[in-house]
Amino acid sequence: QVQLVESGGGLVQAGGSLRLSCAASGRTSTRYTMGWFRQALGKEREFVAAISWSGGGTRYADFVKGRFTISRDNAKNTVYLQMSSLEPEDTAVYYCAYRGDIVVLTTTWGYAYWGQGTQVTVSS
């Protein structure tokens with residue numbers, strides 16, 4: 001089992017920034033991929049960003065448009081999502097997800113473990 005705990009969500013005005021964190025614990029693989037997804041009220045969960053074990057491989061959703069940056073600190077088993085220039089459309093519950101190998105995927109079915117989510121609300 002792998003446990004994921006997100007933090008860093010909150011209320012921010014449009015144009016502001018937030019940094020989300022996700023700490024992994026438990027029986028993690030030697031090398032694993034981490035991703036961020038989000039789910040707005042009444043919508044399906046969608047891919048935001050993912051990062052390889054080394055950090056050298058990243059993928060982003062088109063709507064990120066250079067506003068978000070995913071990073072990780074393997075010594076701390078933690079992945080981050082730095083979000084800038086936030087828009088009201090970014091309002092959602094943000095989830096981190098774990099995949100127990102080095103393949104960086106953008107689909108929800110590619111990830112075996114999920115955090116409980118952290119709410120991000122962007123006011124206009």
Side-chain angles (χ1 to χ4, degrees):
Q1 287 280 12
V2 174
Q3 293 79 44
L4 304 174
V5 179
E6 301 103 333
S7 60
L11 174 64
V12 64
Q13 290 187 333
S17 300
L18 281 175
R19 189 177 83 154
L20 306 183
S21 300
C22 174
S25 61
R27 301 185 66 177
T28 58
S29 297
T30 303
R31 295 190 175 102
Y32 56 92
T33 295
M34 295 292 291
W36 285 99
F37 292 76
R38 71 184 188 183
Q39 188 166 17
L41 192 63
K43 295 187 177 181
E44 294 187 352
R45 193 168 298 188
E46 63 180 352
F47 171 75
V48 176
I51 187 167
S52 64
W53 168 254
S54 68
T58 57
R59 297 187 68 177
Y60 293 95
D62 289 342
F63 62 75
V64 168
K65 301 175 185 176
R67 301 180 297 130
F68 297 180
T69 301
I70 189 171
S71 61
R72 66 190 296 166
D73 183 340
N74 290 336
K76 297 181 179 179
N77 285 335
T78 300
V79 64
Y80 306 95
L81 185 67
Q82 177 67 49
M83 305 186 294
S84 302
S85 301
L86 284 163
E87 305 166 351
E89 293 73 22
D90 296 316
T91 295
V93 178
Y94 283 71
Y95 299 89
C96 69
Y98 164 98
R99 177 180 172 84
D101 61 27
I102 63 173
V103 179
V104 181
L105 297 181
T106 63
T107 53
T108 56
W109 53 258
Y111 292 82
Y113 295 96
W114 295 80
Q116 81 288 352
T118 186
Q119 177 71 47
V120 171
T121 302
V122 184
S123 63
S124 57

Novice: State, with a plain yes or no, whether a side-chain heavy atom of T33 is found less than 4.5 Å away from one of Y111.
Specialist: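 Sidechains of Y111 and T33: in contact.
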Novice: Any idea which heavy atoms bring V48 and F68 closest together, and the distance?
Specialist: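 That closest heavy-atom pairing would be CG1-CD1, 3.7 Å.
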Novice: Compare all side-chain heavy atoms of W53 with those of S29 and state whether any distance is below 4.5 angstrom.
Specialist: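 Not touching, per the 4.5 Å side-chain cut-off.
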Novice: For a side-chain contact (heavy atoms from CB on, under 4.5 Å) with L20, tell me which candidate from E6, M83, Q82, R38 qualifies.
Specialist: M83
Novice: Could you walk me through whether C22 and W36 pass the side-chain contact (heavy atoms from CB on, under 4.5 Å) check?
Specialist: CA-CA 9 Å; C22 174; W36 285 99; 3.7 Å; yes
Novice: Could you tell me which non-hydrogen atom of S21 sits nearest to which non-hydrogen atom of T78, and how far apart they are?
Specialist: CB-CG2, 4.4 Å
Novice: Which pair of non-hydrogen atoms, one from A14 and one from S124, has the smallest distance, and what is that distance?
Specialist: CB-CA, 4.3 Å
Novice: In terms of hydrophobic clustering (I, L, V, M, F, W, Y; side-chain heavy atoms under 4.5 Å; direct or indirect links), are Y60 and F63 co-clustered?
Specialist: yes
Novice: With R45 as the cation and W114 as the aromatic partner, state whether NZ or CZ is under 6.0 Å from the six-membered ring centre and within 45° of the axis.
Specialist: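 That pair qualifies as a cation-pi contact.
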Novice: Under 3.5 Å, side chain of R72 to main-chain N/O of S52, donor-acceptor pair present?
Specialist: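 Present.
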Novice: Once rounded to the nearest 0.5 Å, what's the spacing between atom CG of L81 and atom OG1 of T118?
Specialist: 11.0 Å
Novice: For the residue pair Y32 and N77, what are the closest heavy atoms and their distance?
Specialist: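 Minimum heavy-atom separation between Y32 and N77: OH-OD1, 3.1 Å.
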Novice: Looking at side-chain heavy atoms only, is the closest gap between Q13 and L86 below 4.5 Å?
Specialist: no
Novice: Mind checking the CD-CD spacing from Q119 to Q39? Nearest 0.5 Å is all I need.
Specialist: 11.0 Å
Novice: Considering only heavy atoms from C-beta outward, does the side chain of T91 approach that of V120 to under 4.5 Å?
Specialist: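 Not in contact.
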Novice: Would you please name every residue forming a salt bridge (charged side-chain N to carboxylate O under 4.0 Å, His left out) with R19, sequence neighbours left out?
Specialist: none
Novice: To check you understand the geometry: which heavy-atom pair defines the closest contact between L4 and A24, and what is its length?
Specialist: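 Residues L4 and A24, closest heavy atoms: CD2-CB, 3.6 Å.
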Novice: Please answer: with hydrophobic residues joined when any side-chain heavy atoms are less than 4.5 Å apart, are I70 and V64 in the same cluster?
Specialist: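 Shared cluster, yes.
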Novice: Using the rule given for side-chain contact (heavy atoms from CB on, under 4.5 Å), can you reason through R99 versus L105, listing the C-alpha separation, both sets of side-chain angles and the distance that settles it, and then say yes or no?
Specialist: CA-CA 9 Å; R99 177 180 172 84; L105 297 181; 3.2 Å; yes
Novice: Rounded to the nearest 0.5 Å, what's the gap from OG on S25 to CD on Q1? Could you check?
Specialist: 10.5 Å
Novice: Name all residues meeting the ring-ring contact (aromatic ring centres under 6.0 Å, His included) criterion together with Y94; count only those two or more places apart in sequence or in a different chain, and write none if there are none.
Specialist: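 With sequence neighbours excluded, Y94 shows a ring-ring contact (aromatic ring centres under 6.0 Å, His included) to no residue whatsoever.
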Novice: Rounded to the nearest 0.5 Å, what's the gap from OH on Y80 to SG on C96? Could you check?
Specialist: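 Here the rounded value is 12.0 Å.
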Novice: So do the side chains of Q116 and Y95 get within less than 4.5 Å of each other, counting heavy atoms only?
Specialist: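 Answer no - side chains too far apart.
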Novice: Would you kindly confirm whether V93 and F37 end up in one hydrophobic cluster when ILVMFWY residues are joined by side chain heavy atoms under 4.5 Å apart?
Specialist: yes
Novice: Keeping T121 on the side-chain end and L11 on the backbone end, is there a donor-acceptor pair under 3.5 Å?
Specialist: no
Novice: Would a hydrophobic clustering, with Ile, Leu, Val, Met, Phe, Trp and Tyr connected at side-chain separations under 4.5 Å, put W109 with V104?
Specialist: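 No; V104 is not reachable from W109 via cluster members.
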Novice: With side-chain contact (heavy atoms from CB on, under 4.5 Å) as the test, would you mind laying out the steps for T108 and F47 before giving the verdict?
Specialist: CA-CA 7 Å; T108 56; F47 171 75; over 6 Å; no
